[in-house]
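Worksheet for the structure shown next.
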2 protein chains.
Amino acid sequence: MGLQQTLKALSDPIRREILSMLRKGSLSAGEITERFPVTGASISRHLSVLKDADLIRDNRQGKYIFYEINTSVLEEAMLWMASLKGDPDNDQK
Amino acid sequence: MGLQQTLKALSDPIRREILSMLRKGSLSAGEITERFPVTGASISRHLSVLKDADLIRDNRQGKYIFYEINTSVLEEAMLWMASLKGDPDNDQK
DNA sequence: TTAACATTTAGCCTAAATGTTAAACGTATT
DNA sequence: AATACGTTTAACATTTAGGCTAAATGTTAA
């Protein structure tokens with residue numbers, strides 16, 4: 001985990017779009033796949049990248065696997081960006 | 001430009017470290033290179049990625065080229081992340 | 001203008017990322 | 001248990017990224 005994994009996961013447009021979709025509520029892998037012009041296998045791998053980065057969580061319900069967003073991990077990335085804007089004499093690492 | 005280029009540029013640890021270094025003031029390409037275990041040519045390419053993303057600006061002074069950070073472009077990335085955390089019914093796209 | 005130095009660009013190589021199809025897996029239904 | 005359905009995993013092809021060395025470019029100084 002960590003900043004590296006977070007930013008890497010966010011650097012792909014499909015993965016960002018998936019996160020945007022999940023903002024409105026959880027969706028199954030199939031529902032997510034429907035909205036992209038790539039195969040389910042590709043989306044599945046994108047989902048696993050997002051999951052490894054802890055940007056999404058999954059929970060199975062019967063034969064469906066539902067994905068939901070987890071934004072807590074964005075905190076670190078936002079703090080890092082904010083620190084870049086800040087005065088280096090004042091505060092953080 | 002745009003979010004894609006910004007996040008792509010930020011997804012590499014060397015490029016992030018370069019930005020952190022530049023927080024404290026501008027540095028020449030050579031000074032930046034000294035601090036990494038890779039060749040000047042590699043750093044030069046990293047600098048061009050950061051520059052294309054408008055995360056840094058350069059200005060030549062004699063035979064040196066000095067780089068400085070430009071944080072304004074981080075705004076968009078931070079806003080995007082913030083929007084992921086927000087209520088989709090309330091506000092933005 | 002030649003030499004020296006700082007930096008970038010080009011060409012090549014390897015590794016990582018992304019896409020595809022086909023096979024495997026997990027669950028529900030019959 | 002067999003089939004069907006949703007999803008993931010494996011194997012492979014292609015593209016992209018990052019590193020290196022060598023050549024090119026820009027600038028200063030002799």
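Below, read A as the first sequence line, B as the second, and so on, with proteins coming before strands; counting in each chain starts at 1. Both backbone and side-chain heavy atoms feed into the values below; hydrogens, waters and symmetry mates do not.
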Evaluate the side-chain proximity of B:Asn70 to B:Leu55: yes if any heavy-atom separation is below 4.5 Å, no if none is.
no
Sorted by position of nearest nucleotide on DNA chain D, 5' first, the leading residue of A:Gly40 and B:Thr39 is A:Gly40
Looking at A:Arg60, does any N or O in its side chain come under 4.0 Å of the phosphate oxygens OP1/OP2 on D:dG6?
no
With a 4.0 Å cutoff (strictly under), does any side-chain N or O of A:Ser48 reach OP1 or OP2 of D:dT9?
no
C:dT14 -> Watson-Crick or G-U wobble partner, both distances under 3.5 Å, gives D:dA17
Can you find a side chain N or O atom of B:Lys8 that sits less than 4.0 Å from OP1 or OP2 on D:dA17?
yes
Which is true for A:Thr33 with a 4.0 Å heavy-atom rule: it touches a base, it touches only sugar-phosphate, or it touches nothing?
nothing
What does B:Ile43 touch in the nucleic acid at a heavy-atom separation under 4.0 angstrom: a base, only the sugar-phosphate, or nothing?
nothing
Looking for any heavy atom pair under 4.0 Å, which part of the strands does B:Ala41 touch: base, sugar-phosphate only, or nothing?
base
Look at A:Ser28 and D:dT7 and indicate whether a side-chain polar atom (N or O) is within less than 4.0 Å of OP1 or OP2.
yes
Quick check on D:dA17: is either OP1 or OP2 less than 4.0 Å from any side-chain nitrogen or oxygen of B:His46?
no
Ignoring hydrogens and angles, tell me if any N or O in the side chain of B:Ser44 forms a donor-acceptor pair with the backbone of B:Gly40 under 3.5 Å.
no
Rounded to whole angstroms, how far apart are CD1 on A:Ile56 and P on D:dT7?
13 Å
Any side-chain heavy atom of A:Phe36 within less than 4.5 Å of one from A:Met21?
yes
Taking 4.0 angstrom as the limit, do B:Arg35 and B:Glu17 come out as a salt bridge?
no
